[in-house]
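Report on the following structure.
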Amino acid sequence: MPSLIASLTGFVLRTTGIYRKLFTGGPQFQINIAKSRAQPVPEPDAKARGSLRVEHSEFGGRTIWTLAPKDREPTAHILYWHGGGYVYPPAAVHWAFLAHMAKTHGWSVTAPLYPLAPESNAETATAWAMDFYTRYANGLGGKAFIMGGDSAGGGLAAAIAQLARDAGHPAAHALILICPWLNLDPAHPEQAKVEQRDGILTISGIADAGRIYAADLPLTDPRCSPIFGSWDGLPPILAFGGGDDILVTDARALKAKHPAVAYRELAGMVHDWPIFTFRESREAQIEMAAFGASALT
């Protein structure tokens, strides 16, 4: 049974529709994206800046944020790709999660604000991400690192891992994929059943976002939908899914295709539940830290 706070979170999200409004397709979807562009991009807040070393830089015209402990050496270096359907920037919940991982578990997290659709698309976004990945991996001076991401960011992390392997670039020592979006086409029959319980995403929204992001590429191109790419020769993977998340079918498909994946699915959990603050989230975050530590030893 989900904890009371987890259940309440799902109930509040479903009844208020605060996120579902942003992730519902149709004419309003493009209006919502345009409104998002008119707002300041969320950044690490004052609390994070007070307790952590927070730095920003630029690469290829995009902002890169790094959050790391102030008073100790990092336990791990993490390259993290944020969620947002490939059309929205990171939200406050992303920064709170990354700040918690840096402060509590000692991570040094680098989070690029990668190009978004519709201004960009899968072809140009993955090319930019590969360029940054190469710079990041080479800039660590041989230090091991982990790559992760949530939702669309989980899909991007998987796509980049496949592209880096094919190009012979240094590999991450582990991948952490949180409720990853691995198939842009929401055609799985189970997704229609789950949608009524999903407090964040809608099928129409991810269908529209997927088409906008793919642009001229087929939805099955691994740069768009990495579930269709090869998962051979990738580093160890920890993946999460939630029973009340229409993307749970993607996480299950990954586990079926690549049985070696360490997969944690909890019933009654909303999309992206491991980045929230309720009990199950904190337990998942402890698991991420332990998985990362094990991969780096």
Side-chain angles (χ1 to χ4, degrees), residues 58-64 77-87 90 109-185 206 209-239 247 250-251 253-255 257-258 260-261 292 295:
E58 285 197 0
F59 178 82
R62 310 293 302 181
T63 298
I64 315 297
H77 292 273
I78 316 293
L79 175 57
Y80 191 86
W81 307 95
H82 67 83
Y86 294 118
V87 298
V109 185
T110 296
L113 303 191
Y114 56 88
L116 300 174
E119 298 88 348
S120 185
N121 55 52
E123 184 172 11
T124 54
T126 53
W128 183 94
M130 271 302 298
D131 287 344
F132 181 77
Y133 174 94
T134 305
R135 202 280 294 268
Y136 175 83
N138 292 333
L140 287 175
K143 293 180 182 176
F145 68 97
I146 296 165
M147 185 160 61
D150 68 278
S151 193
L156 184 57
I160 295 307
Q162 293 174 1
L163 290 169
R165 175 205 57 205
D166 295 346
H169 294 315
H173 273 55
L175 300 177
I176 298 176
L177 308 180
I178 301 169
C179 300
W181 192 13
L182 303 175
N183 184 353
L184 294 190
D185 183 10
I206 64 172
R211 285 191 291 267
I212 293 169
Y213 181 63
D216 295 330
L217 295 177
L219 295 182
T220 53
D221 188 299
R223 289 170 290 180
C224 302
S225 300
I227 194 66
F228 297 109
S230 169
W231 294 77
D232 295 337
L234 295 185
I237 300 171
L238 171 64
L247 293 186
D250 290 16
L254 171 58
K255 178 63 176 176
K257 185 170 186 175
H258 191 30
V261 170

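Everything numeric here is computed off the predicted structure, so don't read it as measured data. Quick note: residue numbers are just sequence positions, from 1.
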Non-hydrogen atoms of [X] and [Y] that approach each other most closely:
X	Y	value
A239	V261	CB-CG1, 3.9 Å
P180	D250	O-CB, 3.5 Å
A214	A122	CA-CB, 4.3 Å
N138	P170	OD1-CG, 3.8 Å
A152	Y114	CB-OH, 4.4 Å
S120	T124	OG-OG1, 2.5 Å

Heavy atoms, side chains only, cut-off 4.5 Å: are [X] and [Y] in contact?
X	Y	value
I160	F132	no
Y80	D150	yes
D216	E123	no
P112	R62	no
P90	L113	yes
R211	L184	no

### Message
Under a plain distance cut-off of 3.5 Å, with no hydrogens placed, do N121 and Y86 share a side-chain donor-acceptor pair?
### Response
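Result is no, nothing qualifies.
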Interatomic distance, [X] atom [atom1] to [Y] atom [atom2] [nearest 0.5 angstrom]:
X	Y	atom1	atom2	result
R223	F228	CZ	CZ	15.0 Å
W181	N183	CH2	CG	9.5 Å
I178	S151	CD1	OG	10.0 Å
H173	M147	NE2	CE	13.0 Å
L182	L254	CG	CG	6.0 Å
L79	L175	CG	CG	10.5 Å

### Task
Check the pair T110, I64 against side-chain contact (heavy atoms from CB on, under 4.5 Å), reporting the backbone distance first and the verdict last.
CA-CA 7 Å; T110 296; I64 315 297; 3.6 Å; yes
### Message
Evaluate L219 against C224 for side-chain contact (heavy atoms from CB on, under 4.5 Å), listing each step before the verdict.
### Response
CA-CA 6 Å; L219 295 182; C224 302; 5.6 Å; no
### Task
Determine whether more than 12 heavy atoms belonging to other residues, nucleotides or ligands lie under 6.0 Å from atom NZ of K143.
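Atom NZ in K143 is not packed in, count stays at 12 or less.
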### Task
If the plane angle is over 60° it's perpendicular, under 30° parallel, otherwise tilted; pick one for F59 and W128.
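It falls in the perpendicular class, over 60°.
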### Whether Y133 and F145 hold their rings parallel, tilted or perpendicular, with breakpoints at 30° and 60°
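Aromatic pair Y133/F145 classed perpendicular.
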### Message
Holding to ring pair (Phe, Tyr, Trp, His ring centres under 6.0 Å), I want the full list of residues that pass it with H77, two or more places apart in sequence or in another chain.
### Response
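Not a single residue meets the ring pair (Phe, Tyr, Trp, His ring centres under 6.0 Å) criterion with H77.
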### Message
Please check: side-chain N/O of D221 versus main-chain N/O of L217, any donor-acceptor pairing under 3.5 Å?
### Response
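Between the backbone of L217 and the side chain of D221 there is no qualifying donor-acceptor contact (under 3.5 Å).
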### Task
Give the C-alpha distance, both sets of side-chain angles, the deciding distance and a yes or no for side-chain contact (heavy atoms from CB on, under 4.5 Å) between T126 and L156.
CA-CA 7 Å; T126 53; L156 184 57; 3.9 Å; yes
### Message
Go through it in stages, so that I can follow the logic: the residues are V87 and L116, the test is side-chain contact (heavy atoms from CB on, under 4.5 Å), and I'd like the CA-CA distance, side-chain angles, deciding distance and then a yes or no.
### Response
CA-CA 5 Å; V87 298; L116 300 174; 5.6 Å; no
